[in-house]
Colleague: 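My questions will all concern the structure given below.
Just so you know, residue 1 is the first one in the sequence shown, and it goes up from there.
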Amino acid sequence: MDGFNYVSNIPGTAEDAVLIGRGSSIIKMTADHWRSQVAAASERIGLRLEFMSKQHHLVRRFAVKEIARTGRPLSEPEISRRLKLPQQRVHQILDDLESHLFFLVRNSKGAVSWAYPFTADQTPHTVIRKSRPPARAA
């Protein structure tokens with residue numbers, strides 16, 4: 001559901017629509033249909049997040065923010081020290097997050113180098129953030 005603009009006139013009329021950009025095309029769908037698609041996606045995402053504890057969210061958010069801020073990989077000892085969590089627990093959490101395929105990736109040295117949507121690796125993609133330096137995009 002990327003790249004959408006919500007266009008609303010009078011709710012419930014034919015003009016209550018969402019425009020979705022896909023490549024060079026723009027697709028128009030009713031706002032009700034779009035809302036149902038978003039609700040279904042939200043439910044699926046919620047199910048995928050059920051395994052995560054508060055500590056999982058803490059570690060993931062920290063990795064995302066720090067990689068965006070510093071542009072460098074994060075080692076397990078650094079995450080452990082900065083979040084005041086036992087290193088074994090951090091290792092277990094990173095295993096869990098990485099095994100669920102879309103949260104983060106560790107490099108060959110075991111450091112978190114990718115925490116969606118940011119990466120410490122060189123890519124052709126950059127995220128421009130208001131009032132912050134640019135960050136590498138995964």
Side-chain angles (χ1 to χ4, degrees):
M1 297 281 173
D2 279 37
F4 64 86
N5 289 318
Y6 181 68
V7 180
S8 179
N9 290 333
I10 301 168
T13 69
E15 296 301 317
D16 195 23
V18 174
L19 302 176
I20 300 172
R22 298 205 193 270
S24 62
S25 301
I26 295 180
I27 301 165
K28 182 178 180 179
M29 72 171 61
T30 67
D32 287 340
H33 180 72
W34 177 77
R35 285 185 197 103
S36 71
Q37 295 293 311
V38 170
S42 296
E43 187 175 319
R44 286 190 307 273
I45 291 167
L47 293 172
R48 287 193 74 186
L49 298 178
E50 282 183 340
F51 79 95
M52 292 177 70
S53 68
K54 287 182 181 182
Q55 289 180 337
H56 283 80
H57 286 285
L58 179 70
V59 169
R60 184 187 164 282
R61 280 192 298 267
F62 177 76
V64 169
K65 288 178 185 178
E66 285 301 297
I67 289 174
R69 187 179 71 79
T70 67
R72 64 177 182 73
L74 296 167
S75 68
E76 286 183 14
E78 180 180 1
I79 295 168
S80 173
R81 181 177 38 66
R82 301 269 307 272
L83 296 179
K84 297 178 176 40
L85 292 172
Q87 190 168 337
Q88 183 56 37
R89 179 64 178 143
V90 169
H91 182 81
Q92 179 185 16
I93 289 169
L94 292 176
D95 281 350
D96 289 346
L97 293 172
E98 195 170 32
S99 73
H100 283 83
L101 302 179
F102 68 96
F103 287 108
L104 58 82
V105 174
R106 289 176 280 191
N107 62 22
S108 61
K109 295 178 182 176
V112 177
S113 61
W114 183 94
Y116 186 79
F118 301 108
T119 182
D121 300 331
Q122 281 294 109
T123 71
H125 312 291
T126 302
V127 175
I128 306 299
R129 302 171 301 156
K130 190 174 183 177
S131 305
R132 295 181 186 172
R136 293 183 192 122

Colleague: Once rounded to the nearest 0.5 Å, what's the spacing between atom OG of Ser75 and atom CD of Gln87?
Modeller: 7.5 Å
Colleague: Without swapping roles, check the side chain of Ser113 against the backbone of Thr119 for a donor-acceptor pair under 3.5 Å.
Modeller: no
Colleague: Quick check: do Met52 and Val59 have side-chain heavy atoms less than 4.5 Å from each other?
Modeller: no
Colleague: Consider side chain to side chain contact (heavy atoms under 4.5 Å, CB included). Of Val112, Leu104, Asp121, which one does Ile67 pass it with?
Modeller: Val112
Colleague: First locate atom CG of Leu74, then atom NZ of Lys65, and finally report the distance between them rounded to the nearest 0.5 Å.
Modeller: 13.0 Å
Colleague: Can you tell me if Arg136 uses its side chain to pair, donor with acceptor, with the backbone of Gly71 under 3.5 Å?
Modeller: yes
Colleague: Quick one: closest heavy-atom pair of Arg60 and Tyr116, and the distance?
Modeller: NH2-O, 3.4 Å
Colleague: Of Leu85, Ile93, Leu58, Leu94, which meets side chain to side chain contact (heavy atoms under 4.5 Å, CB included) against Ile79?
Modeller: Leu94
Colleague: For Ala68 and Ala135, which heavy atoms make the closest approach, and how far apart are they?
Modeller: O-CB, 3.8 Å
Colleague: Side chain of Thr123, backbone of Ala137: donor and acceptor closer than 3.5 Å?
Modeller: yes
Colleague: Heavy atoms only: give me the nearest Val90-Ser80 pair and the separation to one decimal.
Modeller: CG2-CA, 3.8 Å
Colleague: Identify whether the distance between the nearest side-chain nitrogen and carboxylate oxygen of Arg69 and Glu66 falls below 4.0 Å.
Modeller: yes
Colleague: Quick one: pull up OG1 in Thr70 and CD in Glu78 and give me the separation to the nearest 0.5 Å.
Modeller: 7.5 Å
Colleague: State the NE2-NE2 distance between His56 and His100, to the nearest 0.5 angstrom.
Modeller: 8.0 Å
Colleague: Rounded to the nearest 0.5 Å, what's the gap from CD on Glu76 to CD on Gln88? Could you check?
Modeller: 8.5 Å
Colleague: Quick check for you: to the nearest 0.5 Å, what is the distance between Gln92 atom CD and Ser53 atom OG?
Modeller: 8.5 Å
